[in-house]
Amino acid sequence: MTLHLYNTLTRKKEFFKPSTPGKINMYVCGITVYDLCHIGHARVLVAFDVITRFLRSQGWDVNYVRNITDIDDKILNRADENGELFSDLTDRMIDAMHEDEKALDILPPDIEPRATAHMDDILDMVEILVDNHYAYATDNGDVYYRVSRFPEYGKLSNRNPEDLLAGARVEVGDIKEDPRDFALWKGAKPGEVSWESPWGAGRPGWHIECSAMSTCCLGNTFDIHGGGPDLPFPHHENEIAQSEAATGKKYVNYWMHAGAVRVDNEKMSKSLGNFFTIRDVLQKYHPEIVRYFLLSSHYRSPISYSEDNLLEAKNGLERFYTALRPFADVKAVTLDELKGSEYHQRFVDAMNDDFNTREALAAMYDLVRDINTIAKTDDDKARALVAELKALGAVFGILGADAEAFLQGGGLTESTDGLTAEVIEGLIEERATAKKNSDFDRADGIRKELLARGVVLEDSREGTTWRRE
RNA sequence: GGCGCGGUAGCAAAGUGGUAAUGCAGUGGACUGCAACUCCUCCAUCGUCGGUUCGAUUCCGACCCGCGCCUCCA
């Protein structure tokens with residue numbers, strides 16, 4: 001199967017045709033850095049991380065751009081509340097974001113442009129729009145986009161411009177020509193951070209920075225533009241209006257949007273305040289569990305953040321690591337070496353079909369069963385299958401940890417039972433002696449004692465291993 | 001109100017015009033001193049009602065329910 005992906009613009013799954021054969025230019029809307037990242041952000045980050053890893057594994061030359069919006073009203077407000085410089089706030093949040101990404105093993109994008117570093121590009125684009133009457137300046141130094149000049153407005157989010165006009169809220173004292181118009185540039189109020197412009201000191205509006213940065217990094221037209229579930233309207237709709245009016249070219253060929261993360265059947269969001277930060281979650285769960293959890297549903301489906309679901313992810317991952325445990329020395333092979341493998345084929349087909357990670361996981365689980373069965377009789381063959389499983393896991397950014405360590409850690413970030421490995425292993429030795437002397441009461445006593453504290457002992461011919469539940 | 005998405009086993013979640021993957025949990029069995037792991041086995045007629053069809057969970061229509069966007073949010 002060739003690569004197909006769901007395009008928000010057409011609301012259909014489409015065959016993917018790159019602008020340049022073999023090459024994919026992709027822009028993903030990143031974070032507005034005024035607060036810590038939450039699991040909703042993590043979902044987008046992980047989804048496009050896995051998408052990029054997979055595409056590269058299939059030989060695509062992916063140029064992945066993900067921006068940082070580091071100037072914006074929310075940033076200014078928060079900095080003001082904190083009584084700090086806006087740039088101190090954004091620097092701190094960018095550092096935190098990078099730490100979170102690293103913890104989740106999210107590979108950095110090829111280019112990570114910052115809005116404040118592209119002020120000239122932003123101003124150039126605004127100027128073009130003003131020159132072509134797609135935008136107008138007002139007396140207070142604002143510049144607005146003239147939506148009525150762009151008849152295709154609404155095509156991404158499937159909205160009728162007339163309906164938008166009817167539904168738009170008109171603010172008191174509004175200086176806009178049309179309630180649908182949106183700010184490209186905002187004149188600075190006294191004391192506010194600002195940049196010089198032909199319309200006086202000010203700062204960019206919310207949407208223009210993405211148009212400017214994406215065009216700057218990837219050209220007038222590029223292949224894929226991605227982002228979170230709340231971006232099609234108005235953010236991406238406005239990007240299209242800005243960019244297509246400014247360049248006269250089609251802006252983006254394929255639009256991809258991730259599904260929402262929910263809590264108690266409600267969207268997790270900053271405005272609802274029901275969000276869990278990435279670091280909250282990582283305090284409790286191993287990063288791989290979080291990744292696995294996010295990949296256990298299709299990237300476009302809503303997903304529920306809950307203890308139960310994270311626990312289920314943990315248990316599922318443990319099945320993988322249990323199979324890998326005896327094969328710590330086996331290295332992943334390259335996907336090229338797997339041509340002809342049934343599991344690899346299923347995996348690739350699933351991923352080529354709009355990145356169906358769940359379907360791909362099903363193939364991996366079937367591979368696990370195969371490994372567990374064959375390991376009993378044919379070590380060489382089992383090792384080959386393990387190498388394959390690790391290779392597929394690498395595309396997802398999972399199964400790269402030491403299986404023993406993962407299982408002994410119980411998937412938790414840190415042990416809370418106060419038992420050290422030395423203590424546990426000392427008890428295992430004592431139990432071995434007891435068993436040798438057929439003192440099964442003592443042997444079982446030790447097992448029970450440890451089990452009560454979450455440590456499971458497992459006997460095999462090679463000896464006793466342990467793991468945390 | 002406008003636009004869109006979804007309702008599949010206890011839970012999670014894929015998928016297909018010809019009676020439904022996978023994971024967790026559970027059942028029965030093999031293995032084990034016991035147990036765990038592992039393997040085998042069992043466990044769903046796919047929201048409701050109609051229509052098209054030889055045949056629909058899969059296509060069409062209506063309805064019910066849930067959710068998202070329409071205001072800042074990934």
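Side chains are part of it too, since the values below use all heavy atoms of this structure and drop only hydrogens, waters and symmetry mates.
Nucleic acid contact for A:Asp444: base, since at least one base atom lies under 4.0 Å from a heavy atom of the residue. When heavy atoms are screened at a 4.0 angstrom cut-off, A:Asn265 is found touching the sugar-phosphate backbone but no base atom. Residue-level contact check: A:Gly316 touches the backbone only, with heavy atoms under 4.0 Å from sugar-phosphate atoms and none from bases. A:Phe440 comes within 4.0 angstrom of a nucleotide base, judged by non-hydrogen atoms across all strands.
One atom, CG of A:Asp441, and another, P of B:G33, lie 16 Å apart when rounded to the nearest Å. One can place CD of A:Glu237 at 21 Å from P of B:G68, the figure rounded to the nearest angstrom. Spacing between atom CH2 of A:Trp255 and atom C1' of B:G4 amounts to 17 Å, rounded to whole angstrom units. Regarding A:Asn238, its CG atom lies at a distance of 12 Å from the P atom of B:C70, rounded to whole Å. Atoms CG (A:Asp163) and P (B:U71) sit 12 Å apart, rounded to a whole Å. At whole-Å resolution of the value, CG in A:Leu294 and C1' in B:G23 are 16 Å apart.
Checking B:C24, B:C69, B:A21 against the side-chain heavy atoms of A:Asp230 singles out B:C69 as nearest. The side chain of A:Lys267 approaches B:C73 more closely than any other nucleotide in the set B:C34, B:C73, B:C40. Set against B:C72, B:A74, B:G33, the side chain of A:Lys435 has B:G33 as its closest nucleotide. Proximity note for A:Lys376 (side chain, C-beta onward) versus B:U38, B:C73, B:A74: the nearest is B:U38. Picking from B:C34, B:A21, B:C11 the nucleotide with the shortest atom distance to the side chain of A:Glu312 gives B:C11. Taking every side-chain heavy atom of A:Lys74 into account, B:C72 is the closest of B:A36, B:C72, B:G4.
Residues A:Lys314 and A:Glu288 are not paired through a salt bridge, judged by the lack of any N-O separation under 4.0 Å between the basic side chain and the carboxylate. For the pair A:Arg346 and A:Asp366, the salt-bridge criterion is met [side-chain N within less than 4.0 Å of a carboxylate O]. Salt-bridge check for A:Asp329 with A:Arg383: passed, with a basic side-chain N closer than 4.0 Å to an acidic carboxylate O. Taking the charged nitrogens against the carboxylate oxygens, A:Asp91 and A:Arg114 do have a contact shorter than 4.0 Å, which makes a salt bridge. We find that A:Lys176 and A:Asp142 are not joined by a salt bridge, their nearest charged nitrogen and carboxylate oxygen being 4.0 Å or further apart.
Pairing partner, B:G23: B:C11, with both Watson-Crick or wobble hydrogen-bond distances short of 3.5 Å. Base pairing of B:G68 is made with B:C3, judged by Watson-Crick or G-U wobble geometry with both donor-acceptor distances under 3.5 Å. Pairing of B:C39, defined by two Watson-Crick or G-U wobble distances under 3.5 Å, is identified with B:G29.
Nucleotides B:C60 and B:C5 place their P atoms 12 Å apart, quoted to the nearest Å. Atom name P, nucleotides B:C67 and B:A12: the rounded distance is 15 Å, in whole Å. Of the C1' atoms belonging to B:G51 and B:U58, the separation is 15 Å, rounded to the nearest Å. Nucleotides B:U48 and B:U22 have their C1' atoms positioned 28 Å apart, rounded to a whole Å. The same atom, P, is picked in B:A25 and in B:C39; the two are 13 Å apart, to the nearest Å. For the C1' atoms, the distance from B:U8 to B:G47 is 10 Å, rounded to whole Å.
Scanning atom types as modelled, one donor and one acceptor separated by under 3.5 angstrom connect the side chain of A:Arg447 and the base of B:A35. With hydrogens and angles ignored, no donor-acceptor pair closer than 3.5 Å exists between the side chain of A:Thr373 and the base of B:C39. On a pure distance criterion of 3.5 Å, no polar donor-acceptor pair joins the side chain of A:Asn160 and the base of B:G2.
A donor-acceptor contact closer than 3.5 angstrom links the side chains of A:Tyr299 and A:Asp354.
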Chi angles and distances behind the salt bridge (charged side-chain N to carboxylate O under 4.0 Å, His left out) call for A:Arg78, A:Asp35: CA-CA 9 Å; A:Arg78 181 62 61 86; A:Asp35 204 347; 3.6 Å; yes

Stepwise, does the side-chain contact (heavy atoms from CB on, under 4.5 Å) test hold for A:Val28 with A:His225? CA-CA 6 Å; A:Val28 174; A:His225 190 135; over 6 Å; no

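Put simply, A:Arg300 has no side-chain N or O that comes within less than 4.0 Å of OP1 or OP2 on B:A13. Of the side-chain N and O atoms in A:Asn309, none sit less than 4.0 angstrom from OP1 or OP2 of B:A12. Neither OP1 nor OP2 of B:G4 sits under 4.0 Å from any side-chain N or O of A:Arg159. Contact annotation: A:Arg369 reaches the phosphate of B:C40 (side-chain N/O to OP1 or OP2, under 4.0 Å).
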All N/O contacts under 3.5 Å from nucleotides 14-16 of chain B to the protein, with atom names and distances to one decimal?
{"unit_1": "B:A14", "atom_1": "OP1", "unit_2": "A:His298", "atom_2": "N", "d": "3.0"}
{"unit_1": "B:A14", "atom_1": "OP1", "unit_2": "A:Ser301", "atom_2": "OG", "d": "3.4"}
{"unit_1": "B:A14", "atom_1": "O3'", "unit_2": "A:Asn356", "atom_2": "ND2", "d": "2.8"}
{"unit_1": "B:A14", "atom_1": "O2'", "unit_2": "A:Glu359", "atom_2": "OE1", "d": "2.0"}
{"unit_1": "B:G15", "atom_1": "OP1", "unit_2": "A:Asn356", "atom_2": "ND2", "d": "2.9"}

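For A:Tyr305 and A:Phe276, the ring centers are positioned less than 6.0 Å apart. The ring of A:Tyr365 has its center closer than 6.0 angstrom to the ring center of A:Phe320.
Geometrically, A:Arg53 does not engage A:Phe396 in a cation-pi contact defined by less than 6.0 Å to the ring centre and at most 45° from the axis.
Looking at A:Glu101 and A:Pro108, their side chains never come closer than 4.5 Å, going by heavy atoms from C-beta outward.
Of the two residues near RNA chain B, A:Asp308 and A:Gly259, the one whose nearest nucleotide lies more 5' is A:Asp308. When each of A:Arg262 and A:Lys270 is assigned the nucleotide of RNA chain B bearing its nearest heavy atom, the one mapping closer to the 5' terminus is A:Arg262.
Residues from residues 457-466 of chain A with heavy atoms under 4.0 angstrom of RNA chain B, sorted by number: A:Leu457, A:Glu458, A:Asp459.
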